[in-house]
Amino acid sequence: MAILCEPVVCQRAVKLCLHPFIGFLFIRWEEEKYEDGVKWRFLEHSGPYFPPEYQPLPDNVHFYYDGKKVKLSLAAEEVALFFAQMLDHEYTTKKVFRENFFKDWRKEMTDAERSLIQDLGKCDFGEIHAMHKAKVEARKNMTKEEKQALKEANQKIVDEFGYCLLDHHRERIGNFKIEPPGLFRGRGEHPKQGMLKKRIQPEDIIINCSKEACIPVPPAGHRWKEVRHDNTVTWLVSWTENIQGSIKYIMLNANSKLKGEKDWEKYEVARKLKSCVDNIRSQYRSDLKSRQMSTRQRAVALYFIDKLALRAGNEKEEGETADTVGCCSLRVEHITLHEQMDGKEYVVEFDFLGKDSIRYYNKVPVIKKVFKNLKLFLENKQPGDELFDRLYTSMLNKHLSSLMPGLTAKVFRTYNASITLQEQLKELTNKSDSVAEKLLSYNRANRAVAILCNHQRAPPKTFDQSMATLQSKRKKAAVKRCEEQLLKMEIQATDREENKQIALGTSKLNYLDPRISVAWCKNMGLPVDKIYNKSQRDKFAWAIDMTEVDFEF
DNA sequence: GTAATAACTTAGCACTCGCCCG
DNA sequence: CGGGCGAGTGCTAAGTTATTAC
């Protein structure tokens, strides 16, 4: 395999010295020179915060089966309440949801209950549902004092459980609360929707902290499953959830040193790709002619991943999750080839459900060699067959890491997102623009990335109405106010309209090197808080600190 | 070599909260 | 000064990738 790039690995300290690192980041970095894989020296925390115990229904609220009042056991009653709470949701009418729920609910019943309750259709959760709605209503109508008291109680919980001590730093924890029990929903057509997500007990919990630290105290009468001292991982608490059998973790907040450094590294790898992407592109273009079918498939997949920012697309176990795909797992039915379309040659029409069951629909002209290969891959295949039947994400990533250390499929998304933002900002903004115009341009650049990465959202429920309001304000303002304000509102309206189905947050938070944005703000004379809110400024503190006006991704 | 597992990032949606308008 | 609304935040599902187990 050709090595196309200089390795980037194992040069942490050296890498840093290349940068105008200032303030705490530098000091913090200097103090930790850990051997490979070690994430901390000292870790102390309070353990997880458990949701409140189940409160039995009051005596005047009843469950009915086949028209008759039935007093349920505590365990069965709790699960009945989960279902009753969701009754306003459309998915409680879905067959899969109902069947999964009923099956799991029956497991929680006593023998007597189980022999009585055999048909979900005969269950009447009406009173329980009404009680729940009344509770929600009551919470909304709390007095100021009650709300204040609640807020203070919550703050106390955050103070006690929300922080940990990692080496010499007090760090905010990302998710210190144990996920409460309920009915699993999942996204899209999930085969496990409606299943009971069980209550987590201290006996399910693994605690990770350092040997010298105070070990968190389990709730009275309970003990932890295990206490371990593994400083090669970053999690504080873990447990296994019962729906997929996967492990859940409590980890640090994005504004922590540990996460910040990782984030910085991610963008440095993406920048490294910038310097060798031309070589990598010519390599996979020449691989399109390979005699090896698997190499050709890899080349076409790479072409898509690079050009369209598709995800890698791991194999998934059938029946365990919704039927979604990424690049390597595309099937015959997900693409249609058009020799000619809309006046363009060699158009590939994509239509598939990706991560979170978000639809990816795109018509893309491709180079002839890619088109011909796709035709070849489709020969003698049926819908349901894999397009890239000789390709696995593991092979792809192995190949990529041989081209550049640290390179994997997802780096292309980061790289293409960041480079697109930088180019769009250059193209769209002028120093002489007004603040509102600059922000519109920034959002448009952000939007270009979100579209590339297919970050969609459901149009806000009140969209049409609020759009109309904004439009009419426009007219009122025109009558009585100066043109500048008119312009500002027009710009806002444009921004919102263009953003109807696009989610900017994901790319801003995960794909766009924050130094591009910070440098742009400096260039444009805009305060950073015009584009980053408080938590974004926290997360990107490292970039805000170190970025010079002339930063180039 | 392949499958399973572990660890970590990425993702959209629901809810909350604070601000603005009538 | 209450209600509506959008921005911000919390939540946790759903990905990717490296590592481990067989």
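Within every chain, numbering begins at 1; the chains are lettered A, B, ... in the order of the sequence lines, protein sequences first and strands thereafter. Here the structure is a predicted model, which is why all the values come from computation and not from measurement.
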- Query: Is the phosphate of dT17(C), meaning OP1 or OP2, less than 4.0 Å from a side-chain N or O of N397(A)?
  - Reply: yes
- Query: Base, sugar-phosphate, or nothing: which does Y249(A) touch, judged by heavy atoms less than 4.0 Å apart?
  - Reply: base
- Message: Side chain of S535(A) only, heavy atoms from C-beta on: which candidate in dG12(B), dT16(C), dT9(C) is closest?
- Response: dT9(C)
- Task: Round to the nearest Å and state the distance from D323(A) atom CG to dA13(C) atom P.
- Result: 20 Å
- Message: Just to be sure I understand the rule, does T321(A) reach a base, reach only the sugar-phosphate, or reach nothing, if contact means heavy atoms closer than 4.0 Å?
- Response: nothing
- Have a look at K197(A) and say if it touches a base, only the backbone sugar-phosphate, or nothing, with a 4.0 Å heavy-atom cut-off. sugar-phosphate
- Query: Quick one: do R199(A) and E78(A) make a salt bridge, cutoff under 4.0 Å?
  - Reply: yes
- Query: Base, sugar-phosphate alone, or nothing: which one does S238(A) contact when heavy atoms must sit under 4.0 Å apart?
  - Reply: nothing
- Item | Among dC8(B), dT17(C), dG15(C), the one nearest K39(A) by side-chain distance | dC8(B)
- Message: What's G313(A) touching, base or sugar-phosphate or nothing? Going by heavy atoms closer than 4.0 Å.
- Response: sugar-phosphate
- Query: Which heavy-atom pair separates P48(A) from I250(A) by the least distance, and what is that distance?
  - Reply: CB-CD1, 3.7 Å
- Message: For dT10(B), does the base pair up with any side-chain atom of K355(A) as donor and acceptor (N or O, under 3.5 Å, distance only)?
- Response: yes
- Task: Nearest-nucleotide wise, let me know which of T414(A) and K151(A) is further upstream toward the 5' end of DNA chain B.
- Result: T414(A)
- Looking for any heavy atom pair under 4.0 Å, which part of the strands does I358(A) touch: base, sugar-phosphate only, or nothing? sugar-phosphate
- If we ignore angles and hydrogens, is there a donor and acceptor under 3.5 Å between the side chains of H45(A) and N208(A)? no
- Query: What distance do E179(A) atom CD and E241(A) atom CD have between them, rounded to the nearest 0.5 Å?
  - Reply: 8.0 Å
- Message: Assess, by modelled atom type and distance only, whether the side chains of Q292(A) and S294(A) contain a donor and an acceptor separated by less than 3.5 Å.
- Response: yes
- Message: Is the phosphate of dG15(C) approached by K316(A) (side-chain N or O, under 4.0 Å from OP1 or OP2)?
- Response: yes
- Query: Roughly how many Å is it from CG in L183(A) to C1' in dT12(C), rounded to a whole number?
  - Reply: 15 Å
